[in-house]
Amino acid sequence: MAVLVDTNVLVDVAVRDPAWLQWSRSRLLAAARGGPILINPVIYAEFSYRYDNIDEVDMLLPIHEFRREAIPWVASFAAGLAFRKYRQAGGARDRILPDFLIGAHAAIRGYTILTRDPKGYRSYFPTVDLISPETHP
């Protein structure tokens, strides 16, 4: 099973978050044992803004462990549709890139998302399987 890893899980491990490190690390390792783990350009960008050097980011997210995949155009369109529903329901303008592009990418490709923040994915991409604290304590 291919798993798209949400940025929050990667950050938990990289910064050794005291509240989430154990959960995020164990779920990441379990996902890696079950199949490929993936990141996309949005996840890479969200993660990398904390660092000054691309080599440091690539060391923390080695390509042999985190398969990189572009976001399909059809997923970008699906993200726009989901964002329209979100805005019509009164949502703020600032959420399209991270949450909607990651969710649509997973939905279009049939990937599971590993995240500790499942609310938006569950609401706007209900067909996507999630690995979250609620589903995998």
Side-chain angles (χ1 to χ4, degrees):
M1 155 181 74
V3 174
L4 191 61
V5 181
D6 199 359
T7 311
N8 54 43
V9 172
L10 299 173
V11 170
D12 292 345
V13 174
V15 303
R16 303 182 63 78
D17 183 281
W20 289 104
L21 175 62
Q22 184 176 356
W23 184 87
S24 292
R25 182 186 289 158
S26 68
R27 293 295 146 216
L28 193 56
L29 291 171
R33 284 191 299 272
I37 52 176
L38 301 100
I39 58 174
N40 66 27
V42 170
I43 295 164
Y44 189 92
E46 282 188 309
F47 181 84
S48 67
Y49 92 89
R50 295 162 178 77
Y51 303 93
D52 294 326
N53 184 308
I54 194 170
D55 293 330
E56 186 176 6
V57 175
D58 288 341
M59 183 185 73
L60 293 167
L61 300 174
I63 199 162
H64 64 277
E65 292 179 22
F66 298 93
R67 190 170 85 193
R68 283 134 166 87
E69 185 173 289
I71 299 169
W73 289 101
V74 68
S76 295
F77 180 78
L81 292 177
F83 183 67
R84 181 173 55 194
K85 289 179 188 176
Y86 169 77
R87 290 289 298 137
Q88 289 172 342
R93 293 184 184 270
D94 63 344
R95 293 192 51 154
I96 188 168
L97 283 177
D99 298 340
F100 290 92
L101 286 168
I102 293 167
H105 185 178
I108 293 300
R109 294 285 195 201
Y111 298 150
T112 296
I113 298 175
L114 170 57
T115 183
R116 63 171 165 77
D117 186 17
K119 183 180 174 189
Y121 299 125
R122 192 174 292 120
S123 297
Y124 293 96
F125 303 98
T127 62
V128 172
D129 289 331
L130 300 174
I131 301 169
S132 70
E134 291 85 9
T135 62
H136 295 79

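Residue numbers run from 1 in the order of the sequence given.
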query = Should Tyr124 and Leu81 be regarded as members of a common hydrophobic cluster, given that ILVMFWY residues are connected when their side-chain heavy atoms come within less than 4.5 Å of each other, either directly or indirectly?
reply = no
ask   = How long is the gap from CZ on Arg68 to OH on Tyr44, to the nearest 0.5 Å?
value = 6.0 Å
key: Result of checking Thr112, Asn40, Leu114, Thr115 against Leu4 for side chain to side chain contact (heavy atoms under 4.5 Å, CB included)   = Asn40
message = Please report the interatomic distance CD1(Ile39) to CZ(Arg67), rounded to the nearest 0.5 Å.
response = 11.5 Å
inquiry  = Around atom CD of Gln22, are there more than 12 heavy atoms from other residues, nucleotides or ligands closer than 6.0 Å?
reply    = no
query = Going hydrophobic residue to hydrophobic residue with side-chain gaps under 4.5 angstrom, can you get from Phe83 over to Val128?
reply = yes
ask   = Should the heavy atoms of other residues, nucleotides or ligands under 6.0 Å from CG of Asn53 be counted, would the total exceed 12?
value = yes
ask   = Are His105 and Leu38 close enough that some pair of their side-chain heavy atoms sits under 4.5 Å apart?
value = no
inquiry  = Treating Ser24 as the side-chain partner and Val13 as the backbone partner, does any N or O pair qualify as donor plus acceptor under 3.5 Å?
reply    = no
inquiry  = Would you say Met1 ends up clustered with Ile113 if hydrophobic residues are merged whenever their side chains have heavy atoms under 4.5 Å apart, either directly or through other cluster members?
reply    = yes
request  = For residues Ser123 and Tyr86, determine if any side-chain heavy atom of one lies less than 4.5 Å from a side-chain heavy atom of the other.
outcome  = no
request  = Run the numbers on Val11 and Glu46 for side-chain contact (heavy atoms from CB on, under 4.5 Å), then give the verdict.
outcome  = CA-CA 9 Å; Val11 170; Glu46 282 188 309; over 6 Å; no
ask   = Under 4.5 Å between any side-chain heavy atoms of Ile71 and Pro41, yes or no?
value = yes
request  = Let me know which of Thr7, Asn8, Leu101 forms a side chain to side chain contact (heavy atoms under 4.5 Å, CB included) with Ile43.
outcome  = Thr7
task = Indicate if Leu61 and Val15 have the same hydrophobic cluster label, given that clusters are the connected sets of ILVMFWY residues with side-chain heavy-atom separations under 4.5 angstrom.
result = yes
message = For the residue pair Asp6 / Tyr121, report whether a side-chain donor-acceptor contact shorter than 3.5 Å exists.
response = yes
ask   = So which pairs with a foot in residues 14-39 pass salt bridge (Lys or Arg N to Asp or Glu O under 4.0 Å), sequence neighbours left out?
value = none
query = Between Phe66 and Leu28, does a side-chain contact (heavy atoms from CB on, under 4.5 Å) hold up when you go through it step by step?
reply = CA-CA 11 Å; Phe66 298 93; Leu28 193 56; 4.2 Å; yes
ask   = Looking only at heavy atoms, what is the nearest atom pair of Trp23 and Ser132, with distance?
value = CZ2-C, 3.3 Å
ask   = How far apart are the closest heavy atoms of Ala82 and Phe125, and which atoms are they?
value = CB-CZ, 3.6 Å
remark   = CG of Asp117 to CG of Asp99, rounded to nearest 0.5 Å, is 6.5 Å
ask   = Given the rule that I, L, V, M, F, W and Y join up when any side-chain heavy atoms are under 4.5 Å apart, are Ile37 and Ile102 in one cluster?
value = yes
inquiry  = Do Asp58 and Tyr51 pair up side chain to side chain, a donor and an acceptor below 3.5 Å, judged on atom types alone?
reply    = no
